[in-house]
Amino acid sequence: MTAFKYLRPESEEEAVTLLKQGMPGGGETWLASHRKQIPGVLDLNKLGLDQIKESEGVVYLGAAVRLQRLLEYTSSEALKRVLKLEMGWNLRNQATIAGVLSASDGRSPLALAILTLDAQLHIDPGDSTLSVDEFLSDREGAVKDRYITQLSYASPAQLLYAQVARAPRDRPIVSLALASRDQGDIQIGLGGYGDRPIRLHGAEKALQAGADLETVAEYARVAYQDAEDSWASGAYRSDVAAVLLLRMLREEK
Amino acid sequence: MLLSFELNQSQVQIEIPEDMILLTLLREEFGLFGVKHGCETGECGACTVLLDSEPVNACVMFAAQVEGRSVTTIESIGQHSEKGWKPTQGLHPIQQAFIETGAIQCGFCTPAMVLAAKSLLDSNPSPTEAEVRDAFSGILCRCTGYVKPVQAVLRAAAILRGEQVEPIEGPIPVPDELFQTSEEDLGETAPVDAPDIQTQIQVMPQIRITKKTGPWKVVGQPEPKVDAEKLVQGKPAFAGDIEMRGMLFAKVLHSPHAHALIKKIDTTSAKALPGVAAVLTWEDLPRVVYSTAGQSDPIPGPLDSFSLDKKVRFVGDRVAFVAAETEDIANEALELIEVEYEILPAILDPSEAQEPDAVVIHDEPEYVDFADSDAAKNLAAHIHIDIGDADKGFEEADLVFEGSYSVPKVQQAHIEPHVVVTYWDEDDRLVIRTSTQVPFHVRRQLAPVLGLPVKKIRVIKPRIGGGFGGKQEVLVEDVAAHLSIATGRPVRYEYTRAEEFFASRSRHPMQLQMRTGVKKDGTITANEMVVLSDTGAYGCHALTVTGNTGHKSMALYVGDGPYRESPNIRFVADIVYTNTPPSGAYRGYGVPQGYWAVERHMEEIARNLEIDPLEFRLRNALRAGELHPFSTAWSEGREPRPETIVTCGLEDCAASGAEAVDWSQKFGNASWHEVPGQPHLARGIGVALVMQGTAIPYLDMGGASIKINDDGSFNLLVGATDLGTGSDTVLAQQAAEVLGVPLENIIIYSSDTDFTPFDKGAYASSTTYISGYAVVRAAEQVADRIRIRAARMMSEDGGEPISHIQIDLGDGCAWGPSGQSITLAEIALDALHRQDQEQIMGVGSYVSPVSPPPFAAQFAEVTVDRQTGEVTVERLLMAVDAGVIVNPLTASGQVEGGMTQALGYAVCEEMLYDDLGRPREKDFRDYHIFYADEMPELETIFIETFEPSHPYGVKAVAEIPMDGVAPAVGNAVLDACGASVNQAPVTPERVWEQLRKSV
């Protein structure tokens, strides 16, 4: 058994070399409780990934930006709420945006919000970009031998978030987010089930095509009709998803 | 790797393994035990430290991450004000405020809260309440309900800003005109000038004080907890806070199967692993059958457990023990143990346990029955109680209401896990330092299991980080003890949070059938409850928990008129084995299960009869002067004896609570139920009336000893077990009252089986009452000796001879009839050094012939989303008759914390298992308990009565707050939207289902 390694690469080149050796990069807060299953960890904090910038309506978050820092930065009340629902203060001071996204499941409020914001992930080496939607579909493949450097999203005119849970800060059974842009674009995300939240592309298109709100809400119902696990039945999730979407669409109007 | 960082304002360097966690580094390498272990996944926050002034969780942080940074632990915040000749900085104002406001209960999360508060106030000197709650949002407290910690921070903030704060003294009076009780029985009230009550300023609860508390100086006062100063400084006060040379770390291999025989077990590879000191299987240990339930002798339940057995009965059952030089090696050794299982059919549904073809879970020949247990039928206990003639009562009824109710398995979730350290002392006696509620039972019950006589075992109970019944179990002590016997070395065993969920004890899940006969006018003629209770794989507490389900909840409603004279009650229960983790003791001890059914059922009946639910309940409820109906029928598996209810403040609790929540303006008021602008939301209000017990009559015994010291202070030794409730404080207050000294002159210690008198331990809401009476008896002996000596000393000074009966004790002095006085210090010096020397000392013990019930009215207000079924609990208010309140701060803390635990029972806590018996909940992410930033408003009102069976008139307060919240919330949901949810917890989907049915 080889000894566990805690490494702090000081350059991208060094980081890539170590990533190719199978060392996971970043996400120490999650990896700390899974350390027996990994050969080591790459602490990427020396790569300058903790910056927040905003330029021409686009927000750029370094992969290592802590959740608390984002909470203090953002003016979106919905995003503030999402961050508080995701974790308490202590963990918000530790966990990074990329780390939380990488370890998220379908019940993560933050993953849903990021997905709904249509965020893009910037990945090095290669300076490639992929959507959070794509990343969540294949997390390991997306960053094999690479690492997330930045997350960016166009600042929305409005972000809405709603969830249903057993207690105010319990993990959601059903959650819904909606981001609207000045140009009239609307993104809708649905969460509370499975290994990742999903985008309701059909609903977005229907909305753009001028469908009535009740029709649009039905996309949420259909999306979760089989979303059954020990936390809730598919029938319940499906019905509540439609209720939340209809409410949110009316609020957005 | 070499790690360099700043630790508590000093630069340090240390060589560490690269995978070391910060929590391990701080506790094991630096001995900073103020950093606590509560979980391994960062949800509880007990391990909070400040990293560059911001709170983080040390359990999910690599030690390497602090390279070049600054780490602050509680050890660098504040100092005790008295450290000899060297001046100290004293406690930090935040720490002082935590002490003054009663914000500390078990104290396990207190260092984390103080650090988080410091970080907040350093950057934000004037936080709002919401900001304080957000600062606590990463820290779980299972004791307080967060009210007092929030008050402490707001108070500290004001002090740090240089503002004057109000002294904490005198309760807030309850307006007198609310009450119906006669003048004779009612107390005088303090001057009425009550401030508006908000969390920011409310520290003392509302109390209606009885007249009889008038002359007391210590009893009834909001004294700071006697252990608060050490807890607020994070001193190494808990069982796991100890270093020993050569200490081994224990781990247990748990069964992956719900029911299986161990065909073969090979430990060769595990034993060969370097660093492994011992591996034990069932083949290595003597086969001694016992019960893990920490109860008095004889154990009122079957003997059905072995330290290790060749059969496993639930996922998580024990298979093997390992002791190794490090925790990591011990874990690695577990993976090297090869086990061949023969998988057996498993019973996961209690309703299948007694099927004719059901597999027998306990087929071991050593099984010892108790009462009606029948292992061949998977029956751990059976109860059948008939009071009066229920069948006749049903015949006489105009209407008979039936209902089915169920409650889930839930976890005590104390933040300090079970932890024990065992070692051989210099006299070759085995010392067990353990986090237990029952040190004397641990010693007695483990002796045969370990092959040691009782006299060769010493059990030490340090501070406990919460127990709530979970530590009324001999659960981990035998593991470490067997390994100490095997190796001769000290052994430490501490549960992980996952083990707490799958391998400890929990509240019994139950299915309850109610049948109630009533007259059209609302008079109950007969009441019946039939229970199927699931004890899991072992029968610990099976009989007594479920017996109390009936004994307390079915005793409250006796009926009215002739039925009040002769109530008709039937209680029947089967307590069955299943292949799930064992149930056990949990605060409330079966009673919350009963009240879920009874109070939901009473609500349905009242509404059906169109009678105000509060009025219906009070019409039929037990009253003072009446016989406790179950007292002649059942007593924890022992001989029952009749008992009359002497004090009952239930009507006044209901009146004061109803007034405080504005019941008359809300109940039945359609406009109040609407939420303006949000037609999908509806408000609701609900109530539940409850009663508990105070100790177990003719059985529970408490003991105490007191001796005087040279300076007139006293050592009070009690076997009672303060598990965070403040019992040490209220016991010391009773001693101080008798001896006429301030509380600070009582040095209380609990508990150590070598030094403190016997006490049955902390359970059954007994300590303030039973152990308190023992303390009073011991103190009275001491007081008598002091009076005799003081009279003689005064007489020798010349003047008239003085009798000891003319001597009063007060203000640290003995006072003669002419106003002359001698300090207790002078009396102590006289007794210990000067003439007719003696050690002034007293020993007292007490067993009560009665168990006077506390009573309460629990109110809840909710908002329900009629489309999604989501329930938001907005407000909980409990008006409690717990007799005389010895300490308003600790008592109200009990109510606030109890209501918070019960809130989880109401809406979100439950443990589920899959088809193979594997648990869904293994951490605080899935098992949600309430954080500070999601709490409803909590309020406590005490309605004092003077219980004459105790010198200070006390009754119990610890368990009753668990009883009424869930049904009150269920009733409020019904009131809001018409959804009648009979299965707890009241989850959104369950409400939604009921709403769909009603459409």
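What you see is a predicted model; the values in this text were computed from it and never measured. Protein chains get the first letters and strands the later ones, always in sequence-line order, with residue 1 at the start of each.
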J.: Taking the six-membered ring of B:Phe5, is NZ or CZ of B:Arg69 closer than 6.0 Å to its centre and within 45° of its axis?
T.: no
J.: Mind ranking B:Ser137, B:Pro985, B:Gly904 by heavy-atom pairs under 4.5 Å with chain A and telling me who comes out on top?
T.: B:Ser137
J.: Verify the distance criterion only: is there a donor paired with an acceptor across the side chains of A:Asp229 and A:Tyr193 at less than 3.5 Å?
T.: no
J.: Out of B:Glu921, B:Lys409, B:Arg920, which residue meets the side chain to side chain contact (heavy atoms under 4.5 Å, CB included) rule with B:Tyr913?
T.: B:Lys409
J.: Can you tell me which portion of B:Glu40 sits under 4.5 Å from chain A's heavy atoms? Options are side chain, backbone, both or neither.
T.: backbone
J.: Checking A:Arg139 side chain against A:Ser102 main chain: does a donor-acceptor pair fall under 3.5 Å?
T.: yes
J.: Which atoms of A:Val164 come close to chain B, meaning under 4.5 Å heavy atom to heavy atom: side chain ones, backbone ones, both, or neither?
T.: both
J.: Could you tell me which of A:Ala235, A:Gly88, A:Ala32, A:Ser230 has the largest number of non-hydrogen atom pairs under 4.5 Å with chain B?
T.: A:Ala32
J.: Looking at B:Ala116, B:Cys908, B:Ala932, B:Gly45, which makes the most heavy-atom pairs under 4.5 Å with chain A?
T.: B:Cys908
J.: Of the backbone (N, CA, C, O) and the side chain (C-beta and beyond), which part of B:Phe136 lies under 4.5 Å from a heavy atom of chain A, both, or neither?
T.: neither
J.: Picking from A:Gln94, A:Glu28, A:Gln68, A:Arg92, which has the most non-hydrogen pairs under 4.5 angstrom with chain B?
T.: A:Gln94
J.: If you tally heavy-atom pairs under 4.5 Å against chain B, which of A:Val240, A:Val41, A:Leu7, A:Asn93 wins?
T.: A:Asn93
J.: With only heavy atoms counted, which part of B:Met61 is less than 4.5 Å from chain A, the side chain, the backbone, both or neither?
T.: both
J.: Quick one: does any side-chain atom of A:Tyr224 pair with a main-chain N or O of A:Gly191 as donor and acceptor, under 3.5 Å?
T.: yes
J.: With side chain to side chain contact (heavy atoms under 4.5 Å, CB included) as the test, would you mind laying out the steps for A:Glu12 and A:Leu47 before giving the verdict?
T.: CA-CA 7 Å; A:Glu12 182 183 310; A:Leu47 302 187; 5.6 Å; no
J.: Which bit of B:Gln65 is near chain A, if near means a heavy-atom gap under 4.5 Å: side chain, backbone, both or neither?
T.: both
J.: Do B:Gln867 and A:Arg247 get their side chains close enough for a donor-acceptor pair, meaning under 3.5 Å?
T.: yes
J.: Where on A:Asn45 is there a heavy atom nearer than 4.5 Å to chain B: the side chain, the backbone, both, or neither?
T.: neither
J.: I'd like to know if B:Lys251 pairs up with B:Glu327 as an ion pair, taking the criterion as any Lys NZ or Arg NE/NH1/NH2 lying under 4.0 Å from an Asp or Glu carboxylate oxygen.
T.: yes
J.: Among B:Thr987, B:Thr48, B:Leu51, B:Leu912, which residue forms the greatest number of heavy-atom pairs with chain A at distances under 4.5 Å?
T.: B:Thr48
J.: Using a distance-only test with no angle check, is there a side-chain donor-acceptor pair under 3.5 angstrom linking A:Thr215 and A:Asp212?
T.: yes
J.: Under 3.5 Å, is there a donor on one side chain and an acceptor on the other for B:Asp134 and A:Trp89?
T.: no
J.: Quick one: of A:Asp239, A:Leu244, A:Asp43, A:Ile173, who has the most non-hydrogen atom pairs under 4.5 Å with chain B?
T.: A:Asp239
J.: At a heavy-atom separation under 4.5 Å, does B:Asp933 approach chain A through its side chain, its backbone, both, or neither?
T.: side chain
J.: At a heavy-atom separation under 4.5 Å, does A:Val174 approach chain B through its side chain, its backbone, both, or neither?
T.: neither
J.: Under 4.5 Å, counting heavy-atom pairs only, tell me which of B:Ser119, B:Cys59, B:Gly869, B:Ala112 racks up the most with chain A.
T.: B:Ser119
J.: Side chain from CB out, backbone as N, CA, C, O: work out which of these in A:Arg169 comes under 4.5 Å of a heavy atom of chain B, or both, or neither.
T.: both
J.: For B:Asp328, is it the side chain, the backbone, both, or neither that has a heavy atom closer than 4.5 Å to a heavy atom of chain A?
T.: side chain
J.: Could you check whether A:Lys84 pairs with B:Glu934 (Lys NZ or Arg NE/NH1/NH2 to Asp/Glu carboxylate O, under 4.0 Å)?
T.: no
J.: I want to check a possible cation-pi pair here: A:Arg107 against A:Trp231, using under 6.0 Å from ring centre and within 45° of the ring axis as the test.
T.: yes
J.: Quick check for you: among B:Glu54, B:Met1, B:His680, which has the greatest number of heavy-atom pairs under 4.5 Å with chain A?
T.: B:His680
J.: Where on B:Ile139 is there a heavy atom nearer than 4.5 Å to chain A: the side chain, the backbone, both, or neither?
T.: side chain
J.: Taking the basic N atoms (NZ, or NE/NH1/NH2) and the acidic carboxylate oxygens, is any pair closer than 4.0 Å for A:Glu218 and A:Arg221?
T.: yes
J.: Select, from A:Asn90, A:Ile38, A:Leu31, the one with the greatest count of heavy-atom pairs under 4.5 Å involving chain B.
T.: A:Asn90
J.: Report the option among B:Pro988, B:Gly42, B:Pro17, B:Gly138 that has the most heavy-atom pairs separated by less than 4.5 Å from atoms of chain A.
T.: B:Pro988
